[in-house]
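Step one of this worksheet: look at the structure below.
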Amino acid sequence: HPNTDSLEEAVSLLQHHDAITGTEKQHVTDDYHVRLARGWKESQKVFTDALAQMVTADSSAYSDAEEVPQHVPGNRRLLATAPHSTGSAHASAQPGPEAILERPGLTDVTQRSTAGSAGPVLNSNAEKVVVQGAAASAHTAQEVHNTSMSFEDSQEPQLSASDQQAITEQMCSAHSEVSTVCADKDQPVAAPQPWEQEEEGSNQRLRLQQCQLLNASVCEPSVQMSKQGQGFMVVVYNALAWERPTEPVRVPLDTTAGAQWAVTDPDGQAVESQLVPVAQSSQDLQSIMVKEGLLPSLDDAAQDELVFLAHLPPVGYAVYTIQPYSSEHAPAKAAVRATMEDV
Amino acid sequence: PQPTQKSVESDHLATDQNQLSNAGGEFGPASGAYIFRPDGVVPRDLHHMRVLRGPVVSEIHHVFSDYTSAVIRVWDKALHVEVEWTVGPIPINDKKGKEVVLRYASSLHSGATFYTDSNGREYLKRVRDFRPTWNLSVTEPVSGNYYPLTAGAYIQESGKAELAVLTDRAQGGASLASGELEIMVHRRTLFDDWRGVAEPLNETMQGCMNCHSVGLIARGKHWLTLQDPSSAALIRRTFQQRMNDPPILSFGALPKQARPGQLQD
């Protein structure tokens, strides 16, 4: 299974004082780069699988309403237990460290808002695993089957076919360049992008992708989806064991279509957001990378970023939605553009 | 007619500590490799500045030269100022090696004392031109006062305030004057200093040696915090963890039929 061995090896080599100070020979530098890049790519796979494994059970997983832990606003529920959990419906045993350690990533870390709950509570009353994550460790091999986050058919109201058609037509008319959705029936529809959801019967595989050049405002999924006027989600993961209530998030965005954008938080509440032009130095960086062949083209380079403050749970994630703004989607709040003053 | 207000503030930064020293940023190149003897005048001209203001973040885009710039961000509700510096490609057509230093000047009276971290753990006291265990004869007034930083450095005006600079990677830093902290962010040299691998630090983008191809561009972040000494360590330590573990973003198209708020589940 995917592991981080080559990243660990690369970092162990980089402990050398020359590597820290950057005073090694050029060809050694190039070797460090190759090893780090390989290690980084490999650990992204581990991260993506681990994220797929951090499951949430849909609310029906609880026997009845009051079982659902009260959320501290923005505090997200990460819930999973073995499919055949032996815990009683109402037990919520305090996790012994072994309980947490024995199934990394398949543990419910519900920060209850009840008084006195010092730390995460292992909530063993979920009836089922909604998600099968990758077998990241021997403990969970028997509990998980494949590496996809599969959504059971939720009881949520389905969009009727006519609604779906209406949205598609509206989007096609608004963004004629949208290829996948508006392609003529006889034209072969392009293969799904690595971030597009695949329908497998009633289940959906959640497909996520990271961007390695976020610090240069280059990000294929967010730029391509915004170019097509398509809403998308950003899963923001916090590795620290404490809550981060106002963590800045910057998302490269293509605003050439002129659409207005709105951000909603995991509870569907509107989030204040702002459009900021990327600095000239980023644009220069992007062009030099294209010129030097480090970037195929400027297709995935953004000239604007959508910024907002995320509320992240400890050792967990929050899913934010970024969609074209429409006043019908109350309580949406359109991103405001920063005022600019040149000196 | 109105001098542009060069500082942007968040509510915390202005009210909590009601002390906002006008910590300006300035770049000054130095030349050499391990032993750097900065010569020439620190360029003070600020080519261009753009001020952006909004409800979530306010930014100042500083352009110092065609190879040094910085974006200074103050996020809403923030207790820190973020400086995203971008340096490179460093030009060498003037046959001069350059080491670019980002220097923060403040109005704190910190004297000759500053503190630098050791691998992210305790912060060690440093005194300019001084060694605690022997009488130092100062032969290298600059590099002799540089220390390795893994997480950050700070200066203090006792009892009044602490200015800390947190780094997102291993760098070298010093305080060469009272109220100042400087950090070396990038360098490109042309001559080896006979103390390393018999090769100047002249990395290029394509990794080719001395083909005068485009030099490396480096970009990174510093976080500045200005706190009362009583609360400074808490902020400094938690912020260096946040700097070390930034949130990881993953992107995906919206599953069909999903409405915002359901995605989490």
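Note that the structure is a prediction, hence the values are computed from the model and not measured. A note on names: the letters A, B, ... follow the listed sequences, proteins ahead of strands, and every chain is numbered from 1.
A side chain to side chain donor-acceptor pair (under 3.5 Å) with A:S281 is found for exactly one of B:H62, B:H61, B:R219, B:E84, namely B:R219. When each of A:V234, A:T48, A:V319, A:L51 is tested with B:S250 by the rule side-chain contact (heavy atoms from CB on, under 4.5 Å), just one qualifies, namely A:L51.
Checked by atom type and distance alone, the side chain of A:R244 pairs as donor or acceptor with a backbone atom of B:R242 at under 3.5 Å.
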A:T246/B:W75 under side chain to side chain contact (heavy atoms under 4.5 Å, CB included): CA gap, chis, key distance, verdict: CA-CA 9 Å; A:T246 53; B:W75 295 92; over 6 Å; no
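In this structure, chain B has a heavy atom under 4.5 Å from the side chain of A:M225, while its backbone stays farther away. Heavy-atom distances place both the backbone and the side chain of A:P277 under 4.5 Å from chain B. Of the two parts of A:L214, only the side chain, counted from C-beta on, holds a non-hydrogen atom closer than 4.5 Å to a non-hydrogen atom of chain B. Only the side chain of A:V276 comes within contact range of chain B, with heavy atoms under 4.5 Å apart. Neither the backbone nor the side chain of B:P148 comes within contact range of chain A; no heavy atoms are under 4.5 Å apart. Interface residue A:V236: backbone and side-chain heavy atoms are both found under 4.5 Å from chain B.
Qualifying salt bridge (Lys or Arg N to Asp or Glu O under 4.0 Å) partners for A:R337, counting only residues two or more places apart in sequence or in other chains: A:D304.
Among B:I217, B:V57, B:D66, B:T150, the residue with the largest count of heavy-atom pairs under 4.5 Å with chain A is B:V57.
Atom CD of A:Q209 is separated from atom CG of B:L249 by 12.5 Å, given to the nearest 0.5 angstrom.
Here the closest non-hydrogen pair linking A:V251 and B:F251 is CG1-CE2, 3.8 Å.
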